[in-house]
Undergrad: 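Structure provided below as structure tokens; questions to follow.
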Amino acid sequence: MNIVLLGAPGAGKGTQAAFMVEKYGLAHVSTGDLLRAAVAAGTPLGVEAKGFMDAGELVPDALVIGLIKERLQQPDAAKGVIFDGFPRNTTQAVTLSAEFDAMGLKIDAALAIIVEPEVIIERLSARRTCRICGYIGSVVDEVCPKCDGEMYQRDDDMPDTIRNRLEVYEQSTAPVIEYYSGAGVLVEINGDQHPDAVFALIQEALDS
Ligand code: AP5
Ligand code: MG
């Protein structure tokens, strides 16, 4: 099974992907996580990507598509993939379809997690992430509840950058929802409720 998770920044893609990895045993492919790892490692790609990410702009397609192609070569991708934060514009969506066609694979479902912008600004300002295991929590988690690791605030979770990320989402990423609707695989999920309730809807969509 191959799933695309769509939704604005802060909609809960990473949170739901963690639940889905546990239940369905799929590989989690988050371009945001891959890019942040490249930035932290100081690779040439990371150095190039950092400025775009800190500004809340999309990293150029060629860099992101290169990362995805490399990630799909890893053995765990054969179990099926949850794409989180990719595709982020129609060029990336068309490229993924072409790549999957060539590999004889298909996207089984595109889940769009819908949350209103006011809720998102609150969530992102409060988000904290574990430096060790990647657990996504909030400002109430002084240390990671899973591994006791240090919780940090992402560089792009600052008010001006959050606003720009939302604008970029509306302009570039929202059309990807139409793309998957046209392909007949779109399911809209109400993301403005407890994470467990959101996950219940996702399971309903995937298990039916
Ligand atoms: P990326 O890392 O993909 O960030 P994003 O899309 O902005 O999404 P977030 O990770 O901020 O939110 P999320 O939906 O995962 O929410 P989360 O579960 O954490 O991208 C970062 C940057 O990298 C981009 O701006 C761009 O520069 C670059 N990039 C990445 N992919 C790219 C691509 N394909 N092309 C070009 N550039 C790319 O939840 C958020 C918070 O809410 C948490 O605190 C969580 O605990 C809380 N929460 C979650 N669910 C709920 C709920 N149901 N109720 C209450 N709180 C909740
Ligand atoms: Mg995320």
Side-chain angles (χ1 to χ4, degrees), residues 4-21 28-40 45-46 48-69 71 82-96 111-130 134-141 144-146 151-158 160-174 176 189-202:
V4 169
L5 271 183
L6 300 168
K13 302 181 295 295
T15 301
Q16 294 301 323
F19 294 156
M20 291 164 73
V21 165
H28 181 201
V29 176
S30 156
T31 40
D33 289 350
L34 292 170
L35 288 165
R36 278 184 290 280
V39 170
L45 185 147
E48 199 173 341
K50 184 171 173 24
F52 294 100
M53 296 173 78
D54 287 349
E57 296 292 332
L58 294 186
V59 172
D61 290 336
L63 295 184
V64 173
I65 289 167
L67 263 184
I68 282 282
K69 285 189 177 165
R71 180 66 184 82
I82 304 162
F83 291 100
D84 163 2
F86 180 90
R88 202 100 164 188
N89 56 30
T90 40
T91 304
Q92 293 181 11
V94 170
T95 305
L96 177 62
L111 307 174
I113 306 178
I114 311 293
V115 178
E116 294 304 316
E118 311 81 70
V119 178
I120 279 171
I121 292 171
E122 247 173 65
R123 281 188 188 180
L124 290 183
S125 308
R127 174 169 56 191
R128 300 292 183 274
T129 309
C130 176
Y135 171 80
I136 302 167
S138 80
V139 71
V140 302
D141 301 305
C144 174
K146 290 217 155 159
M151 299 295 285
Y152 79 101
Q153 183 169 31
R154 269 171 47 176
D155 289 342
D156 59 352
D157 279 346
M158 301 300 157
D160 283 351
T161 314
I162 293 172
R163 268 190 289 277
N164 196 39
R165 284 161 64 202
L166 285 170
E167 271 172 35
V168 169
Y169 173 79
E170 281 308 326
Q171 277 172 18
S172 302
T173 312
V176 176
I189 304 282
N190 172 9
D192 192 8
Q193 46 187 334
H194 191 280
D196 292 344
V198 178
F199 188 50
L201 291 179
I202 289 179

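Just so it is clear, the values below take in all heavy atoms, side chains as well, and ignore hydrogens, waters and symmetry mates. Order of listing sets the numbers, starting from 1, for every ligand and every atom in it. Since the structure is predicted, the reported quantities are computational estimates derived from the model, not experimental observations.
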Undergrad: Could you tell me whether ligand 1 has any atom less than 4.0 Å away from a heavy atom of R154?
TA: yes

Undergrad: At a 4.0 Å cut-off, with the gap strictly under it, does some heavy atom of Q16 reach an atom of ligand 1?
TA: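 Q16 does not count as a contact of ligand 1 under the 4.0 Å cut-off.
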
Undergrad: Any N or O on R36 sitting closer than 3.5 Å to an N or O of ligand 1?
TA: yes

Undergrad: Is there a polar contact between ligand 1 and R127, counting only N or O atoms under 3.5 Å apart?
TA: yes

Undergrad: Just to be sure I'm reading this right: ignoring hydrogens, which of V59, V139, L166, I68 gets closest to atom 37 (N) of ligand 1? Compare them by their nearest heavy atoms.
TA: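 The nearest heavy atom belongs to V59.
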
Undergrad: Do ligand 1 and Q92 have nitrogen or oxygen atoms that lie under 3.5 Å from each other?
TA: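 Yes; at least one N/O pair falls below 3.5 Å.
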
Undergrad: Does an N or O anywhere in D157 fall below 3.5 Å from an N or O of ligand 1?
TA: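 In this structure, D157 places no N or O atom under 3.5 Å from an N or O of ligand 1.
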
Undergrad: N/O to N/O below 3.5 Å, does that happen between F86 and ligand 1?
TA: no

Undergrad: Applying the side chain to side chain contact (heavy atoms under 4.5 Å, CB included) test to M151, which of V139, D141, V140, I136 qualifies?
TA: D141

Undergrad: Mind checking whether Y135 and T129 have side chains closer than 4.5 Å, heavy atoms only?
TA: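 No. Closest side-chain heavy atoms not under 4.5 Å.
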
Undergrad: Do any N/O atoms on R128 end up under 3.5 angstrom from N/O atoms on ligand 1?
TA: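 No, R128 has no N/O under 3.5 Å of an N/O on ligand 1.
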
Undergrad: Return the option from V176, T31, L35 holding the heavy atom at the smallest distance from atom 29 (N) of ligand 1.
TA: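 Checking each option, the heavy atom nearest atom 29 (N) of ligand 1 is found in L35.
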
Undergrad: So, is Q193 polar-close to ligand 1, with some N/O to N/O distance under 3.5 Å?
TA: yes

Undergrad: Out of G51, A197, S138, G137, whose heavy atom sits nearest atom 46 (O) of ligand 1?
TA: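 Residue with the shortest heavy-atom distance to the ligand atom: G137.
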
Undergrad: Out of G7, P195, G12, who gets a non-hydrogen atom closest to atom 16 (O) of ligand 1?
TA: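 Among G7, P195, G12, the closest heavy atom to atom 16 (O) of ligand 1 comes from G12.
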
Undergrad: If I apply the N/O under 3.5 Å rule, does A126 come out as touching ligand 1?
TA: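 No, no N or O pair falls under 3.5 Å.
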
Undergrad: Out of E122, R88, K50, R123, whose heavy atom is nearest to atom 55 (C) of ligand 1?
TA: R123

